[in-house]
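Both backbone and side-chain heavy atoms feed into the values below; hydrogens, waters and symmetry mates do not. Values in this document were obtained by computation on a predicted structure and should not be read as measured data.
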Amino acid sequence: RGERWESVWLSDPSAGGSKEVVHRTSALAARAKGGLWVGNEGGQVFEVTDRRVHRRLPVDLQGRRVTALYEDRHGALWIGSQRGLIRWHQQVVTRWSAEDGLSPGVVRAILEVPDADEMWVGTYGGGLSRLRGDEVTRLTTEHGLIEHVVSSILLDDKGFVWLNGNMGVSRASLASLRDVVEGRATHVRVEHYESGEGNGGNAPAAALSSDGGVWFPTIHGLVHIAQ
């Protein structure tokens with residue numbers, strides 16, 4: 001709090017000092033044990049503790065930009081990029097792409113449903129995907145979404161999932177989304193807010209405040225929706 005981080009430095013005794021190793025930061029996520037996960041435009045992911053880079057993860061994104069990061073309750077790190085989705089857990093790398101059923105497009109948003117082993121992933125141009133176990137299910141405008149751009153996702157304490165995209169903010173109950181992906185319904189019940197074109201591409205790109213309100217960036221400024 002009260003600090004602005006413009007760069008991260010790694011102590012390098014062999015060089016007799018410190019050198020900057022994280023350039024062009026594009027995604028951040030909090031670590032449960034303290035510190036941050038930091039992704040950059042060069043496709044690198046770093047673990048930062050005590051204001052220093054502890055290590056760079058051995059994850060190959062082939063130079064593609066890191067667009068989203070999320071640490072789940074099991075300690076696994078989920079990494080979104082222009083090439084799909086990666087989970088890095090206990091040195092094991094698992095990948096998903098459109099060929100595996102993931103919504104096509106750049107992964108821009110990742111959400112974990114607490115205590116459910118259930119992940120929701122938003123992409124630019126492909127809509128929304130749910131990952132649960134080995135099953136991947138996609139939702140698009142054919143199922144009731146207002147568009148195929150999902151730049152950020154939030155889950156509030158009332159059970160609503162909030163999405164922000166080029167056509168603005170929308171929300172649907174988690175129960176309604178589950179009904180469709182699990183075959184109990186054909187369309188999601190969605191509420192659309194005329195909030196203007198949403199902004200995204202870096203993560204996180206949304207926030208849930210302590211009063212239950214939601215905050216999203218747009219190309220014209222910041223939008224707050226009270227509840």
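One distance of note links CH2 of W78 with CH2 of W96; it measures 4.0 Å at 0.5 Å rounding. The distance from the CD atom of Q227 to the CG atom of D156 is 4.5 Å, given to the nearest 0.5 Å. We find the CH2-CD1 distance between W215 and I225 to be 11.0 Å, quoted to the nearest 0.5 Å. Atom CE of residue M167 and atom CD of residue E194 lie 8.0 Å apart, to the nearest 0.5 angstrom. Between E182 atom CD and E135 atom CD the span is 8.0 Å, to the nearest 0.5 Å. Rounding to the nearest 0.5 angstrom, the gap separating the OG1 atom in T25 from the CG atom in L36 is 10.0 Å.
Of the possible donor and acceptor atoms, none in the side chain of T49 sits under 3.5 Å from a partner among the backbone N and O of G35. Under a 3.5 Å cut-off, the side chain of S195 and the backbone N or O of G168 do not form any donor-acceptor pair. Between the side chain of H192 and the main chain of R171, no donor-acceptor pair closer than 3.5 Å is present. D211 places a side-chain N or O within 3.5 Å of a backbone atom of G213 that can act as its donor or acceptor partner. Under the 3.5 Å distance criterion, the side-chain polar atoms of N40 are matched with a main-chain donor or acceptor of G43. The backbone N or O of S81 lies less than 3.5 Å from a partner atom in the side chain of T67, making a donor-acceptor pair. For T123 (side chain) and G105 (main-chain N/O), no donor-acceptor pair under 3.5 Å exists by modelled atom type. At distances below 3.5 Å, at least one donor-acceptor pair connects side-chain atoms of S176 with backbone N or O atoms of R189. Side-chain N or O atoms of H148 include none that pairs as donor or acceptor with a backbone N or O of T140 at under 3.5 Å. Formation of a donor-acceptor pair under 3.5 Å by the E71 side chain with backbone atoms of A29 is not found in this model.
In this structure the side chain of S103 never reaches within 4.5 angstrom of the side chain of L139, judged on heavy atoms. Taking the side chain as every heavy atom from C-beta outward, S173 and E191 never approach each other to under 4.5 Å. Contact of the T218 side chain with the N199 side chain is not registered, since no non-hydrogen atoms from C-beta on lie closer than 4.5 Å. The shortest side-chain heavy-atom distance between R184 and R178 falls under the 4.5 Å cut-off.
Both M119 and V136 belong to a single network of hydrophobic side chains, linked directly or stepwise wherever heavy atoms of I, L, V, M, F, W or Y lie under 4.5 Å apart. Under the 4.5 Å side-chain heavy-atom criterion for Ile, Leu, Val, Met, Phe, Trp and Tyr, L145 and V161 are members of the same hydrophobic cluster. A single hydrophobic cluster is seen to contain both L111 and L163, as judged by linkage of ILVMFWY side chains at heavy-atom distances under 4.5 Å, directly or through other members. When hydrophobic clusters are built by joining Ile, Leu, Val, Met, Phe, Trp and Tyr residues whose side-chain heavy atoms come closer than 4.5 Å, directly or via intermediates, L57 is not grouped with V38. There is no path of hydrophobic side-chain contacts, each under 4.5 Å, that joins V169 to V190.
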**Message:** Run T186 and E142 through side chain to side chain contact (heavy atoms under 4.5 Å, CB included) and show every step you take.
**Reply:** CA-CA 9 Å; T186 58; E142 293 182 0; over 6 Å; no
**Request:** Check the pair V59, L77 against side chain to side chain contact (heavy atoms under 4.5 Å, CB included), reporting the backbone distance first and the verdict last.
**Result:** CA-CA 11 Å; V59 176; L77 180 65; over 6 Å; no
**Message:** Before you tell me yes or no, could you show the steps for V107 and L102 under side chain to side chain contact (heavy atoms under 4.5 Å, CB included), namely the whole-Å CA-CA distance, both residues' side-chain angles and the distance that decides it to 0.1 Å?
**Reply:** CA-CA 10 Å; V107 172; L102 191 73; 4.2 Å; yes
**Request:** Check step by step if side chain to side chain contact (heavy atoms under 4.5 Å, CB included) holds for V66 and V45.
**Result:** CA-CA 8 Å; V66 178; V45 181; 4.0 Å; yes
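Considering all non-hydrogen atoms of both residues, V181 and W120 come closest at CG1-CH2, 4.0 Å. The shortest non-hydrogen separation linking D117 to R73 is OD1-NH2, 3.0 Å. Closest heavy-atom contact between V121 and I153: C-CD1, 4.1 Å. A pairwise comparison of heavy atoms in A109 and S152 identifies CB-CA, 3.6 Å as the closest pair. Here the closest heavy-atom approach between residue R65 and residue G201 is recorded as NH1-O, 2.6 Å. Nearest heavy-atom pair, L69 versus A27, reported as atom, atom and distance to 0.1 Å: CD1-O, 3.6 Å.
For Y193 and W162, the ring centers sit closer than 6.0 Å to each other.
Ring geometry for W37 against W88 counts as perpendicular: the plane angle is over 60°, on a 0 to 90° scale with 30° as the lower cut.
Side-chain contact check for N166 and E147: no donor-acceptor pair (N or O, by modelled atom type) lies under 3.5 Å. A donor-acceptor pair shorter than 3.5 Å cannot be found between the side chains of T137 and R130.
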